[in-house]
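To start, the structure under review is shown below, and the notes come after it.
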Amino acid sequence: SETGPLPNFAARDHCLQYIVAIALLDGNITTASYEDDRAADPRIDRLRSKMIVKEEKRYTRDYRSARHTNANAIQVYFRDGSKTPRTEVEYPIGDPYRRNDGIPLLEEKFTGNLARRFPPKQLAAVDALLRDQRRLEATSVNAFMDLLAI
């Protein structure tokens, strides 16, 4: 639970209220969600100020145990008294227990981030190499680094 200014990407990434506010406003959370221009939206801090984060002791205990879960739950209450169902995720998408679910999303995220910087032809070349294990292993470090140079 973080209050006050969030001056950088890392501070925003570690603030549950910021992440929930972005999800409510945008319907999704991406790398761009943490950029300074997105964080400048005053609606984010207005939403953050209305949120209450409560520790679920079981989550803390399970995180520190051999189970090492990173569970979270959310429920949104509205002014009119209505509320969303409480949604709980015991193992988030990045957890090793959810590797099969997470790998395609990680690949999509990686490609999306490359696409923000690389021209399409270069992106296609990097993607093709990374999807061909034999060719990748046979590629020299210099050739690989040349492929990543902009």
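This chain uses plain numbering: 1 for the first residue, then up along the sequence.
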If hydrophobic clusters are built from ILVMFWY residues whose side chains come within less than 4.5 Å, do [X] and [Y] share one?
X: Val53; Y: Val20; value: no
X: Leu147; Y: Leu130; value: yes
X: Ile29; Y: Tyr18; value: yes
X: Leu123; Y: Phe144; value: yes
X: Leu25; Y: Met51; value: yes

Once rounded to the nearest 0.5 Å, what's the spacing between atom [atom1] of [X] and atom [atom2] of [Y]?
X: Tyr77; Y: Ser82; atom1: OH; atom2: OG; answer: 11.0 Å
X: Glu108; Y: Ile103; atom1: CD; atom2: CD1; answer: 14.0 Å
X: Arg134; Y: Asp132; atom1: CZ; atom2: CG; answer: 8.5 Å
X: Ser49; Y: Ile44; atom1: OG; atom2: CD1; answer: 12.5 Å

Quiz: residues 110-121 side-chain donor-acceptor pairs under 3.5 angstrom, not counting sequence neighbours:
residue : atom : partner : partner atom : Å
Thr111  : OG1  : Glu107  : O            : 3.0
Asn113  : OD1  : Thr31   : OG1          : 3.4
Asn113  : ND2  : Lys109  : O            : 3.3

Which residues satisfy the side-chain hydrogen bond (donor to acceptor under 3.5 Å, both in side chains) test with [X], sequence neighbours excluded?
X: Asp36; answer: Arg12
X: Glu55; answer: Lys57, Thr60
X: Arg43; answer: Asp41
X: Arg86; answer: Tyr59

Exercise. Which atom names give the shortest non-hydrogen contact between Pro5 and Pro7, and what distance separates them?
Worked result: O-CD, 3.5 Å
Seminar exercise, completed: Residues Tyr34 and Ile19: closest non-hydrogen pair is OH-CG1, 3.7 Å
Exercise. For atom CZ of Phe9, is the number of surrounding heavy atoms from other residues, nucleotides or ligands below 6.0 Å larger than 12?
Worked result: yes
Exercise. Under the salt bridge (charged side-chain N to carboxylate O under 4.0 Å, His left out) test, which residues partner Arg79, sequence neighbours left out?
Worked result: none
Only counting residues at least two apart or in another chain, list the ones meeting side chain to side chain contact (heavy atoms under 4.5 Å, CB included) with [X].
X: Thr84; result: Gln75, Val76, Phe78
X: Asp26; result: Ile22, Arg38
X: Thr87; result: Ile74
X: Lys54; result: Ile52

Problem set entry | Heavy-atom check, side chain of Asp62 versus side chain of His68, under 4.5 Å | no
Problem set entry | Any Asn70 side-chain heavy atom under 4.5 Å of Tyr91 side chain | no
Exercise. Under the side-chain contact (heavy atoms from CB on, under 4.5 Å) criterion, do Val89 and Asn72 qualify, and how do the steps go?
Worked result: CA-CA 6 Å; Val89 175; Asn72 271 292; 5.8 Å; no
Exercise. Pairs in or reaching into residues 92-105: which pass side chain to side chain donor-acceptor pair (under 3.5 Å), with residues at least two apart or in two chains?
Worked result: Arg98-Asp101
Seminar exercise, completed: Applied to residues 135-150, the side chain to side chain donor-acceptor pair (under 3.5 Å) test, sequence neighbours excluded, yields Gln133-Glu137
Exercise. Is it true that a side-chain atom of Arg48 and a backbone atom of Glu2 form a donor plus acceptor pair closer than 3.5 Å?
Worked result: yes
